[in-house]
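Below is one structure; the comments refer to it alone.
Everything numeric here is computed off the predicted structure, so don't read it as measured data. Chain identifiers are assigned alphabetically (A, B, ...) following the order of the sequence lines, protein sequences preceding nucleic acid strands; residue numbering begins at 1 within each chain.
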Amino acid sequence: MANLDTFVNRTKPLPVSLSTSQEIRDRASTFVGNIYRARTLAEARAAINHLARVVHGAKPASHEIAAWRCMSLKAGKTGLEGEDDFEVIEGSEDDGESWSGARVLKVMQTEAVMDVVVIVSRWYGGTMLGPIRFEHIETCARDVCRAVRLQDELEDLLATLSSLDDILDNLRSELEKVKSVSSMTVDDAAGPSNSQRRVRKPQDYSSIRKEVDIAKAKRLVTARENAIKNMKTQQEERAPHRKVLRRYLSSYRIFQPRCLSNVQSLTNAPLSPHHPSLQGPRRPPNPLRADGANGPKLDVLKGVKLYILQAKMTAAEIGELYGLAERGGAEICKDVEDAELIITNVSMRKRLERHIEWNVAKSKSLVTPAWLRESVRKNIALPCGDFAALSDLSPTTAANFPAETDTDGETGTSVHPSPTRTTSAQASASHRPPSTPPPTGPIPMNLLPPDPPYRCDMSKLDHLSRFSCCRASPLVCPNQKLCEMLDVMRKTREVEGEDRSSLSYQRAVSVIKGSISEEIAHRRDAEKLPYIGTKLITMIEEYLETGHISEVETTLASPRYHTLTAFTTIYGIGPKTARQLHGLGLTTIEQLETYYGVEHHDVVTTAEHGSLSGEAQTSAGTSSEGSAKAEIQTHVEANKEKAPDAVAVKEAQGVMLDSEEDARDVMEENWIKIALGLRHDLAKKIPRDEVEEIHRVVMKELDDVEPGCVSTIVGGYRRGKEECGDVDIVFTHPNPERTRGLCKRFMRRLYDKGIVTHVMHLSRFHAHNALRTTHWDSLEKALSVFVLPGHKTRRRVDFIFAQPDTYWTAVVGWTGSMMFERDLRLWAKGRGLKFDSSGITRRRDSKLIFPKTEKEVFDVLGLPWIDPTLRNADL
DNA sequence: GGCTGGCAAACA
DNA sequence: TGTTTG
DNA sequence: ACAGCC
């Protein structure tokens, strides 16, 4: 063997299959998939050849169907200029099995694997399989793609784990050193406190690797992180000088771009720092940001007036630089004119002139972000000349260097500008007292609402566009009555499960709301509108002549319509379930309650908190509940009584139900039961000022959990509704690492404090798997039931936590309205983009785009700016 | 005339 | 897996 | 069971 190996004389290792799928056998044909790493076309080709000729050499397959996706440098590019230097090279070959290569490629695209080649081999057995063969081929391909993704994720986790282990070790020994020096109290150590300085044997994670136990790896990572946190607090208590600690923390952070270790183990070629696999969803946190923004205050830049030009910067970088500037004690100017020093990534005069006048620039010192980083790191204001951002300006940059002038005298300017705000886009921003600046540094300007607000240029809107995101749709339109009638049609179609028809009516409503500024007086006013066809014209004509629409009237006269729509108002009951329940013979919500076994004390939540709410109580309860009210009293007094009562009611009406077999399926203790209990509260609209109060309370609580967060109230409130069905809030934190898992932590706290009574839905998103490696926590959300302290009525509040990079797409995505969102996606699709609330992706190459402001979301999509209050495309 | 119409994630 | 949610 | 696109 050794001889053979030397004989083969290869410079590269043989391709090794990263994963092999299960064999699929169907009528004498066999399918099996393999996946190989391939960073270039040549590597892909080598793998294909190797599989076909060597691996399958003894028993050649009839077809070796292959597809590849490689991220590669564009010709003549270095990779140093950013993501634009890269492109995706993808392709496929059928090897006689027509169309199949493309199918494999499609699977790879949806599975978002990159830098791999997938080969599905088929041994043909003599029987034609028909189209089913494509399913087999795709199954094999999907198998191996998913396996590789899991492997990648696991390797990432293990790499993190071992680096965390190292840090932990170092921390332990440091801690012991400190202990032995400072005092003799050894008793209160955390963790294994064997004082011997033993060298840790490298942890054995091979079983995790073998079992591909991602869950376990994740648990271990969390455990290590917590351990480190504990050590850190201990260390801070014991040793006031934190330099050592910071060194370890920063080493941890530096290691965090875990994909780096992965990628490099696969190839000898060092990766450019801009390789998209390092950008993309899992962005490598800048190590300097980690302890840059949070480190101790310095005086290096005291009195230096800085302006940070945000053009060509990522949100993360902006955050980092603001943090550094704050830490260095610099004064951050809102206006270029006030500044002496400009931090910028722009290196070309033309580009700069779009933001700053040339004459102004000439009087300043323009440096790259590296200057700020280095100055803070070395704790000395470095000469600017070495960091000139524009070579044209390097003389003035050096000459205008402000730190050289005596700054100590200007004590007046060293007052902190403190642009810090914890805020929403609304006027009701919750301000932090100026005396206590947040420990996390100032909030980057781009995360704050724009000042002044964007103006909506009506002339740019296309009122006859097919997309509601190109139109201005006010809350109420001149044809509101007509819209309400059409919405009745929409609703019947919806509850009846006729989606297409429902969509048509919804479109019609949105078109009318967005395109007509005056009342429709004649059918020709409506005829020119898109989505208004013959049927809609007929209805509109009838409305114009008679003031009503017969089809709407008959619908409104139908008990079934009212039952179904009433049922669907309950959280968790959609059209299908509503129809099922109706089919069971249930017609009122009260019957639903008995059906689901809701007990009355569940129902009347408001009264439960205090029987003083007699008024609210009667208005909520229907007449049939007159006796129910009495029952509640007895429940509260004597709990023993309630069970027989409830059962009795249930039996009385539920006899017929018991005969239904599948009725039991729906009966389980579930959200529907709880939602039924809360229905009176949840049906109530929330006035704007209460929305604002909820927001204030939420921000105050959040400030204790994680200071420095930014938020925007979205949803109907932001669209200007006077009364809202629920409250939606989008949050982020300038430091991306602060947002991870924050949703869960925060909900836990609110729940413990009794502010949130139910969490119906808690999620970690794994959206936007656009690149090879999985990325975590693009968006987290919680749907909750919330009660303001001191209030009685429970409210639906949705919490959405976004990474700073995706903050504005999240805001746009959650501001709505529904129709506006659908059309945003549709519009984006038409322009080769994919929009959702956690990002914008260019379909061609899966490149992620992170708009830095809400306006930029619209710019990227090529849309005119539309004010939130004009996004009411639904009724 | 045939196809599309928004979408992903979490429950049950 | 289908249903519901935003 | 409605409308638009190709």
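When distances run from any side-chain atom of Trp814(A) to the nucleotides dG6(C), dG6(B), dT4(C), the shortest one goes to dG6(C). Here dG6(B) is the nucleotide among dT4(C), dA3(D), dG6(B) with the atom lying nearest to any side-chain atom of Arg822(A). Here the side chain of Lys829(A) is nearest to one of dA1(D), dG6(C), dC7(B), namely dC7(B). Proximity note for Asp726(A) (side chain, C-beta onward) versus dC11(B), dG6(C), dG6(B): the nearest is dG6(C). The Arg500(A) side chain lies nearest to dG5(B) when the options are dG5(B), dA8(B), dG6(C). The side chain of Arg843(A) lies closest to dC7(B) when the candidates are dC7(B), dG6(C), dG4(D). Side-chain atoms of Tyr571(A) lie closest to dG6(C) of the nucleotides dG6(C), dA9(B), dG4(D). Listed candidates were dG5(B), dA12(B), dA3(D). Nearest to the side chain of Leu503(A) is dG5(B). Taking the side chain of Thr577(A) as heavy atoms from C-beta on, and the options dG5(B), dT3(C), dC7(B), the nearest nucleotide is dT3(C). Taking the side chain of Lys834(A) as heavy atoms from C-beta on, and the options dT4(C), dA8(B), dG6(C), the nearest nucleotide is dA8(B).
Under the 3.5 Å distance criterion, with hydrogens and angles disregarded, no donor-acceptor pair is assigned to the side chains of Asp143(A) and Ser21(A). Tyr717(A) and Glu692(A) share a side-chain donor-acceptor pair at under 3.5 Å. Side-chain N/O atoms of Gln506(A) and Ser502(A) include no donor and acceptor closer than 3.5 Å. With 3.5 Å as the limit, one finds a donor-acceptor pair spanning the side chains of Arg471(A) and Ser510(A). If you check the side chains of Thr712(A) and Tyr807(A), you find a donor sitting under 3.5 Å from an acceptor.
If you find the closest nucleotide of DNA chain B to Tyr531(A) and to Met760(A), the one lying nearer the 5' end belongs to Tyr531(A).
Separating the CE atom of Met819(A) from the P atom of dG5(B) is a distance of 12 Å, rounded to the nearest angstrom. In this structure, CG of Leu826(A) is placed 13 Å from P of dT4(B), rounded to the nearest angstrom. Remark: P of dC11(B) and CD1 of Ile573(A) are 18 Å apart, rounded to the nearest angstrom. Distance Phe820(A) CZ to dG6(B) C1': 14 Å, rounded to the nearest Å. Between the P atom of dG6(C) and the CG atom of Leu824(A) lies a distance of 19 Å, rounded to the nearest Å. As rounded to whole Å, 19 Å separates atom P of dA1(D) from atom CD of Gln506(A). Straight-line distance from the CD atom of Gln580(A) to the C1' atom of dT4(C): 13 Å, rounded to whole Å. For the pair Arg579(A) CZ and dG2(C) P, the interatomic distance rounds to 15 Å; values are reported in whole Å.
As rounded to the nearest Å, dG6(B) and dA3(D) have P atoms that lie 16 Å from one another. dA8(B) sits 16 Å from dT1(C) when the C1' atoms are compared, rounded to a whole Å. Only the P atoms considered, dG5(B) is 23 Å distant from dT5(C), to the nearest whole Å.
Using bins of under 30°, 30° to 60° and over 60° for the plane-to-plane angle, the ring pair Phe858(A)/Phe820(A) lands in the tilted bin.
At the heavy-atom level, Asp728(A) lies under 4.0 Å from the strands shown only through sugar-phosphate atoms. Contacts of Leu536(A) with the nucleic acid, taken as non-hydrogen atoms under 4.0 Å apart, involve only primed sugar atoms and P, OP1 or OP2. Across all strands shown, Ile537(A) has no heavy atoms under 4.0 Å from either base or sugar-phosphate atoms. Residue contacts shown for Thr534(A) are limited to sugar-phosphate atoms, with no base heavy atom under 4.0 Å away.
Distances shorter than 4.0 Å separate some side-chain N or O of Arg796(A) from OP1 or OP2 on dG6(C). A close approach under 4.0 Å does not occur between any side-chain nitrogen or oxygen of Trp671(A) and OP1 or OP2 of dC11(B). Applying the 4.0 Å criterion to OP1 and OP2 of dC5(D), one finds that Arg466(A) has a side-chain N or O inside that range.
The side-chain contact (heavy atoms from CB on, under 4.5 Å) test with Asp823(A) singles out one residue from Met818(A), Arg466(A), Arg507(A), and that residue is Arg507(A).
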